[in-house]
Trainee: 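Take a look at the following structure, please.
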Amino acid sequence: MKITNDNCDKFKTGFSYIQEFMKGLDNSPGVYRMLDVQSRVLYVGKARNLYARVSSYARETGHGPRILRMIRETASMMVLSTRTETEALLLEQNLIKQLKPKYNVLLRDDKSFPNILVAKNHRFPQIKKHRGHKKEKGSYFGPFASASAVNRSLSQLQKAFQLRNCSDAMFENRTRPCLLFQIKRCSAPCVGKIDTKAYRESVRDAERFLEGKSTNLQRQLAVQMQQASDRLEFECAAALRDRIRALTQVQSSQGINPKTVAEADIIALHLENGQACVQVFFIRANQNWGNQDYYPRVGDDFEECEVLEAFLGQFYDSKMPPRQIILSHEIENDDLMAEALSMKLGRKVLLQVPQRGEKAELVSGALRNARESLARKMTETTTQKKLLESLAVAFDLDVPPKRIEVYDNSHIQGSNAVGAMIVAGVDGFERNQFRKFNIRDESLTPGDDYGMMREVLNRRFSRLMRNDPDREESYWPDLIIVDGGAGQVSTAAQIIEEYSVSDIPLIGVAKGIDRNAGREEFHLVDKRPFTLKRNDPVLYFVQRLRDEAHRFAIGTHRARRKKDIMTSPLDLIPNVGASRKRALLAHFGSAKAVKQANLADLKAVAGISSVLAESIYEYFNE
């Protein structure tokens, strides 16, 4: 790769600048960046021929309003030439995700998808939800569109195959079956209710079902049920009947399952009034594993081919593509996109825009979902804008806020203390912007809510000042709401003053005298507390914000507390892994007994060497 230097007149902008800049370009493929007078990236684009592509911006006619605005704001350009067009496509999408240019299509919500994992690191494999890197040994099935889609499938699979979902530590310490055994959701291998061979057959059946071989599986189960009935083994026949029924429920909960499409992503786009919705359906093993809608940032003059191509590049940047991607619209560089995705998957990826047959019906259904989702989104956005305007009037704000940050704390007598920040804006809650803060200051008095709020806001604003001191990005809040009264507002106001951002409005929400919903008192800096009418929509809106912050804070606190409870002291001992930990627990019965054991007893444990026994003893008896 090589960088083409920008050595044209720095004082020219717009068309005149581009006309000078293009003289130094050649016909190689590459990526170009257009920047404004403050060197902020306006647009990132790729080109098969850099000279031809950039010269198209030098013409003063034939551009839409968006491109005209972009050209007029352009004060400098950067060009990076590449060896191939595919390399240019991949680089373009990486830069768009990293730089978030103003005039590009931008995928705003790009989270990973969950999978079902049948873990194989235990003699009785566990079935569970998995998200993230596939490091654990086992069989992975997915992606599923959402955690709820995985949970529904797991629930039905437990009914059908009765596989355990408990952790290995819980499994090893069971002395009697848990509730899941009683309700026929688990075969209780932990206490020997099923042998290894029979359990592994259930695991194999579950994997065959997740691979799309459910028809043969149900046929075999039906034969086994009849044979059990003929042998007068009615209890076994009833269990097989329940398994067949559960499998049927799984299939019905998955919606329409295609017959001719084994593995594909169905991607449909609907554009309307400068807004877009992309609907993605995940088809794996001839089963519909859910759908997800996305609302990429677009403008008034984007075309379907441009939006869909940008979406594909950014969507699959961090995800493995399937062997087949079925689209609602053609894209311009379908050959380059197919080549780039094939390189990522390691085998051929086919892009299709079907015109007839089952695939066309699948696209039609996805398009209908996209159209309906966008209509709902536009209605919600309109309502949200009205609420933000009313909020500005009620609290005497200069303009309606575009980004509201709400803060709350949660703890039990100071233990497992966490702070939480939620974000809301024109599009409602922006959950990918939610943040949690584990309270680190050990000098705080347990239960000091003011000290916790001070630490949370300090960390939040120090990061903002470090990353964007000029407040040019959209991550700065237009309004801060804290859960609390005058004390919390005073604490927050001090932090805001320290960072010289006192122009950000601050509101405290207290529960009022009788602590009833609807009687909340609102505290502003240097103003008397006041209330809103009980039927005021703004009151309900602020209550929703406060309750969401409260829910997020409590959920974060509970997760941290549960993690602490589940953590064993043995986990922290060097060179003591899972097998040695099991040996110690099997020998002594509990971690507390291991802690109290003498050196001779530790050396007597199978698998624990004399050197390791001394290390364990020294760890607990410093």
Side-chain angles (χ1 to χ4, degrees), residues 1 27-32 44-50 52-53 80-97 104-107 110 112-113 142-143 145 258 260-271 276 278-286 289 291-292 294 296 298 302-367 370:
M1 294 184 181
N27 298 325
S28 62
V31 174
Y32 58 93
V44 174
K46 67 178 178 308
R48 295 173 186 261
N49 182 321
L50 281 169
R53 186 72 183 97
L80 186 62
S81 62
T82 59
R83 292 170 295 181
T84 65
E85 299 166 11
T86 304
E87 202 173 276
L89 174 68
L90 295 172
L91 179 59
E92 177 202 31
Q93 299 306 329
N94 285 334
L95 289 173
I96 290 172
K97 291 188 72 172
N104 280 96
V105 176
L106 187 63
L107 178 58
D110 188 25
S112 62
F113 293 106
T260 60
V261 181
E263 178 184 331
D265 284 350
I266 315 296
I267 302 179
L269 164 69
H270 180 68
L271 274 177
V278 179
Q279 195 78 210
V280 183
F281 279 77
F282 301 96
I283 307 297
R284 299 294 185 273
N286 291 98
W289 282 357
N291 63 297
Q292 186 71 260
Y294 295 88
V298 297
F302 280 97
E303 296 182 358
E304 283 87 352
C305 59
E306 184 180 1
V307 175
L308 203 52
E309 181 175 319
F311 176 84
L312 289 175
Q314 295 174 51
F315 184 73
Y316 290 113
D317 179 61
S318 57
K319 302 175 183 67
M320 292 302 293
R323 286 178 288 181
Q324 189 175 192
I325 299 174
I326 302 174
L327 304 174
S328 61
H329 298 82
E330 298 277 359
I331 61 175
E332 289 184 2
N333 301 289
D334 55 346
D335 56 338
L336 294 181
M337 186 62 70
E339 183 180 348
L341 296 177
S342 299
M343 288 170 55
K344 186 175 182 66
L345 183 62
R347 59 189 302 175
K348 186 176 181 180
V349 174
L350 182 65
L351 298 182
Q352 288 183 300
V353 183
Q355 303 300 318
R356 62 182 66 85
E358 186 181 43
K359 293 178 182 177
E361 292 176 5
L362 291 170
V363 170
S364 177
L367 265 174

Trainee: To check you understand the geometry: which heavy-atom pair defines the closest contact between Lys46 and Tyr32, and what is its length?
Mentor: O-CE2, 3.7 Å
Trainee: Locate the shortest heavy-atom distance separating Ala370 from His270; write the atom from each residue and the value.
Mentor: CB-CB, 4.0 Å
Trainee: Apply side-chain hydrogen bond (donor to acceptor under 3.5 Å, both in side chains) to Arg48 and list each qualifying residue two or more places apart in sequence or on a separate chain.
Mentor: Glu85, Asn333, Asp335
Trainee: To the closest 0.5 Å, what do you measure between CD (Gln314) and CD1 (Ile96)?
Mentor: 5.5 Å
Trainee: For Pro322 versus Arg284, what's the shortest heavy-atom pair and its separation?
Mentor: CB-NH2, 3.7 Å
Trainee: Distance from Glu330 atom CD to Gln352 atom CD, nearest 0.5 Å?
Mentor: 10.5 Å
Trainee: Any heavy-atom pair between the side chains of Leu312 and Leu327 that's under 4.5 Å?
Mentor: yes
Trainee: Rounded to the nearest 0.5 Å, how far does CG of Leu351 lie from CG of Leu341?
Mentor: 6.0 Å
Trainee: Among all residues two or more places apart in sequence or in another chain, which pass the side chain to side chain contact (heavy atoms under 4.5 Å, CB included) test with Leu345?
Mentor: Met320, Pro321, Arg323, Arg347, Val349
Trainee: State, to 0.1 Å, how close Val298 and Leu271 come at their nearest heavy-atom pair, and which atoms those are.
Mentor: CG2-CD2, 4.3 Å
Trainee: Are there over 12 heavy-atom neighbours, none belonging to Glu303, within less than 6.0 Å of that residue's CD?
Mentor: no
Trainee: Just wondering, do Asp265 and Phe281 contact through their side chains at under 4.5 Å, heavy atoms?
Mentor: no
Trainee: If only atom types and distance count, is the side chain of Ser364 paired as donor or acceptor with the main-chain N or O of Ala360 below 3.5 Å?
Mentor: no
Trainee: Starting at CE of Met337, measure out to CD1 of Ile325 and round the result to the nearest 0.5 Å.
Mentor: 8.5 Å
Trainee: Could you state the interatomic distance from CD (Gln93) to CZ (Phe315), rounded to the nearest 0.5 Å?
Mentor: 13.5 Å
Trainee: Identify which one of Leu106, Asn104, Leu269, Val278 satisfies the side chain to side chain contact (heavy atoms under 4.5 Å, CB included) criterion when paired with Pro296.
Mentor: Val278
Trainee: Quick one: does Val105's side chain get under 4.5 Å of Phe311's, heavy atoms only?
Mentor: no
Trainee: What's the shortest heavy-atom distance between Glu332 and Cys305, and which atoms?
Mentor: OE2-SG, 3.8 Å
Trainee: Under the side chain to side chain contact (heavy atoms under 4.5 Å, CB included) rule, what do His329 and Val307 come out as? Steps first, then yes or no, please.
Mentor: CA-CA 10 Å; His329 298 82; Val307 175; over 6 Å; no
Trainee: So, taking the atom named NZ in Lys344 and the one named CG in Asp317, what distance separates them when rounded to the nearest 0.5 Å?
Mentor: 6.0 Å
Trainee: For Val31, which of Leu90, Asn94, Leu95 qualifies under side chain to side chain contact (heavy atoms under 4.5 Å, CB included)?
Mentor: Leu95
Trainee: How close do Gln292 and Ala145 get, heavy atom to heavy atom, and via which atoms?
Mentor: NE2-O, 3.0 Å
